[in-house]
Amino acid sequence: MSWIDVEQNTDEWLDMRIAKVTGSAVGKIMANYGKAFGEPAKKAAITIARELVTGKRSMIEGYSNAHMERGHEQEPIARGLYEDLTFCDVSNGGFYDNGLTGCSPDGLVNDDGLIEIKSVIDTTHFATMQRDSFDPAYRWQLYFNLKESGREWIDFVSYCADFPEQTQLFVHRIHASLSDEMFTQIDTRLLEFELLIDQYKGVIRG
């Protein structure tokens with residue numbers, strides 16, 4: 001494992017992600033765990049296989065939409081609120097490179113923690129508060145980042161600017177020491193996914 005101090009969404013960061021399974025894609029791979037891969041996972045395998053063969057990143061890397069732009073704009077605000085709430089300093093998440101896999105947490109907390117920030121609409125934030133846990137849409141990204149980084153815990157941070165100040169931020173912590181089952185499932189699925197990538201590499205090479 002190597003950690004690189006790089007800013008997210010820069011060309012350098014995008015190049016580091018070439019031909020790697022990252023946190024943003026792992027949910028597609030883990031879907032239907034125990035069964036055949038679905039179309040989203042197969043498309044991810046094709047992209048990674050092509051990147052391995054050509055050494056060039058996908059032309060769609062860097063794609064953005066309104067929700068993503070809002071997240072980029074509001075993430076520093078959420079990070080500041082988190083620091084105030086926890087009395088901790090958050091440093092750059094950088095990039096963890098583990099060969100076929102890699103992850104870019106939204107921040108490092110002290111020597112043992114991570115944060116993953118989601119800037120969301122009011123209904124999503126409300127559902128998360130009522131659930132009193134992380135948003136299950138990000139389950140695999142959270143456990144994957146925790147596993148890839150080797151850190152002890154990760155805080156899922158939900159932020160909604162439209163809520164009153166006292167409830168704009170919701171934080172839920174996941175501990176690596178209680179995540180062995182999830183880590184094993186990720187390892188098992190990634191071995192299967194690597195075989196799929198190898199199969200697609202053969203097709204791409206001709």
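Atoms considered below: every heavy atom in the structure, side chains included; atoms not considered: hydrogens, waters and symmetry mates. For the single chain, residues carry numbers from 1 onward in sequence order.
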If you look only at distance, which donor and acceptor atoms sit under 3.5 Å apart when one is on a side chain in residues 169-182 and the other is two or more places apart or in another chain?
from	atom 1	to	atom 2	distance (Å)
R173	NE	D155	OD1	2.8
R173	NH2	D155	OD2	3.0
S179	OG	H175	O	2.6

Ignoring hydrogens and angles, write down the donor-acceptor pairs under 3.5 Å from the side chains of residues 85-95, residues two or more places apart or on other chains.
from	atom 1	to	atom 2	distance (Å)
T86	OG1	Y82	O	2.8
T86	OG1	C88	N	3.4
S91	OG	L108	O	3.4
N92	ND2	D5	OD1	2.7
N92	ND2	V6	O	3.0

**Fill in**
side chain to side chain donor-acceptor pair (under 3.5 Å) filter on D198, not counting sequence neighbours, yields none
**Request:** Return the set of residues passing side chain to side chain contact (heavy atoms under 4.5 Å, CB included) with I46 (not counting sequence neighbours), or none when no residue passes.
**Result:** Y200
**Request:** With sequence neighbours excluded, give me every salt bridge (charged side-chain N to carboxylate O under 4.0 Å, His left out) pair touching residues 96-125.
**Result:** K20-D97, E116-K118
**Request:** List for me each residue that meets ring pair (Phe, Tyr, Trp, His ring centres under 6.0 Å) alongside Y143, sequence neighbours excluded, and say none if there are none.
**Result:** none
**Asked** For V53, which fellow cluster members are found when Ile, Leu, Val, Met, Phe, Trp and Tyr are connected by side-chain heavy-atom distances below 4.5 angstrom, either directly or through intermediates?
**Response** I204
Listed pairs under 3.5 Å, donor-acceptor, residues 21-38 side chains, sequence neighbours left out:
from	atom 1	to	atom 2	distance (Å)
T22	OG1	S24	OG	3.1
S24	OG	R17	NH2	3.3

**Asked** Taking only residues two or more places apart in sequence, or in another chain, which ones meet E152 in a side chain to side chain donor-acceptor pair (under 3.5 Å)?
**Response** none
**Request:** Using the side chain to side chain donor-acceptor pair (under 3.5 Å) rule, collect all pairs that involve residues 159-169, keeping only residues at least two apart or in two chains.
**Result:** none
**Prompt:** Who passes ring pair (Phe, Tyr, Trp, His ring centres under 6.0 Å) against F163, sequence neighbours left out?
**Reply:** H125
**Prompt:** Transitive ILVMFWY cluster of V203 at side-chain heavy atoms under 4.5 Å: who else is in it?
**Reply:** none
